[in-house]
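Along the sequence shown, residues carry numbers from 1.
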Amino acid sequence: MSSYAPATMVDAHTLILHEAGFEVSELCLDDIDDYVELVASAYRGELSKQGWTTEADLLSGQRLDADMAREMLGEPDSSMILVRSAEGQAVGSVYLREPVDKIAYLGVLAVSPVGQGQGVGSALMNLAEAWVVERWSAHSLQMSVINRRTELIAYYERRGYERTGEVEPFPYGDDRFGVPLVDDLEFVLLVKPLR
């Protein structure tokens with residue numbers, strides 16, 4: 001156990017992950033290949049089916065590629081947090097976008113099947129929520145989840161996220177985000193007050 005008291009909640013949640021054997025950093029260009037592999041392992045393909053966050057029964061193909069990841073990293077109004085195991089393997093990540101009207105956005109929360117069941121996802125969510133409050137003065141955090149991901153939506157609802165009643169269309173025809181295997185996909189918007 002660490003002997004110092006963390007100065008902020010971001011520090012506290014980073015310390016919790018560190019004491020569990022994980023390292024936290026902001027994603028940089030050198031991390032792109034590991035990040036793309038991590039996101040694929042969490043969402044698509046056979047490896048993703050070992051975890052509970054898979055979309056492999058709904059979508060095939062890529063979740064994102066290196067060019068898309070570099071674009072996300074280059075956005076001036078966003079941050080990407082990466083969690084690595086003690087061995088250096090990327091096991092978790094989250095994309096955060098600065099608030100509009102005090103509402104920040106969380107996307108591409110990814111925890112590899114290797115990291116699932118170890119508290120990485122919950123700790124990363126706690127860190128993300130503290131991050132948007134402390135660094136950007138957000139009052140709420142919003143996300144969009146594929147409507148057919150009922151187990152995942154239920155997880156977020158247990159964490160205090162509520163459906164806004166709004167939906168967004170799935171980008172059918174844009175294979176950069178994957179090839180749909182079903183024809184009724186859309187995004188459900190969820191929001192959680194943080195203050």
Taking all non-hydrogen atoms of both residues, which atom of [X] and which atom of [Y] are closest, and how far apart?
X      : Y      : value
Trp136 : Ser79  : CZ2-OG, 3.6 Å
Ser140 : Leu194 : C-CD1, 3.9 Å
Ser144 : Leu189 : CB-CD2, 3.5 Å
Ser41  : Pro113 : O-CD, 3.2 Å
Leu38  : Gly92  : CD2-C, 3.6 Å
Pro169 : Phe187 : O-CD1, 3.6 Å

Exercise. Name the one of Asp33, Ile32, Val39 that satisfies side-chain contact (heavy atoms from CB on, under 4.5 Å) with Val36?
Worked result: Ile32

Side-chain donor-acceptor pairs of residues 93-104 under 3.5 Å, sequence neighbours excluded:
unit_1	atom_1	unit_2	atom_2	d
Tyr95	OH	Glu75	OE1	2.3
Tyr95	OH	Arg97	NH1	3.4

Considering only heavy atoms from C-beta outward, does the side chain of [X] approach that of [Y] to under 4.5 Å?
X      : Y      : answer
Tyr161 : Met125 : yes
Leu27  : Met72  : no
Tyr35  : Leu64  : yes
Val111 : Gln118 : no
Tyr155 : Val145 : no
Leu29  : Arg70  : yes
Leu127 : Ile81  : yes
Tyr172 : Leu185 : yes

Problem set entry | Separation between CG of Leu124 and OG1 of Thr14, rounded to the nearest 0.5 Å |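 Nearest 0.5 Å value for the CG-OG1 distance: 9.5 Å.
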
For this session: Mind checking the CG-CG spacing from Leu82 to Asp34? Nearest 0.5 Å is all I need.
Result: 7.5 Å

Do [X] and [Y] sit in one hydrophobic cluster, given that two such residues count as connected whenever their side-chain heavy atoms are within less than 4.5 Å of each other, even indirectly?
X      : Y      : answer
Met9   : Leu15  : no
Tyr156 : Val191 : no
Leu152 : Val120 : yes

Exercise. Run the side chain to side chain contact (heavy atoms under 4.5 Å, CB included) check on Glu26 and Met80 step by step: do they pass?
Worked result: CA-CA 6 Å; Glu26 285 194 66; Met80 298 167 72; over 6 Å; no

For this session: Just grab all the salt bridge (charged side-chain N to carboxylate O under 4.0 Å, His left out) pairs involving residues 120-131, residues at least two apart or on different chains.
Result: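 Pairs touching residues 120-131 that pass the test: Glu129-Arg159, Glu129-Lys192.
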
Problem set entry | Audit row: Val10, Arg135, side chain to side chain contact (heavy atoms under 4.5 Å, CB included) steps and yes/no | CA-CA 9 Å; Val10 168; Arg135 304 227 171 152; 3.8 Å; yes

For this session: Let me see the working for Arg149 and Val188 under side chain to side chain contact (heavy atoms under 4.5 Å, CB included), right down to the final yes or no.
Result: CA-CA 10 Å; Arg149 305 289 314 283; Val188 175; over 6 Å; no

For this session: Just do the side chain to side chain contact (heavy atoms under 4.5 Å, CB included) check on Leu17 and Val83 with the steps written out, would you?
Result: CA-CA 8 Å; Leu17 280 159; Val83 177; 4.3 Å; yes

Problem set entry | Residue Glu37 excluded, over 12 heavy atoms near CD under 6.0 Å |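 Not buried by this count: 12 neighbours or fewer within 6.0 Å.
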
Exercise. Counting distance only, does the side-chain N/O of Asn147 pair as donor-acceptor with the main-chain N or O of Asp184 below 3.5 Å?
Worked result: yes

For this session: Check ring pair (Phe, Tyr, Trp, His ring centres under 6.0 Å) between Tyr105 and all other residues, then give those that pass, not counting sequence neighbours.
Result: none

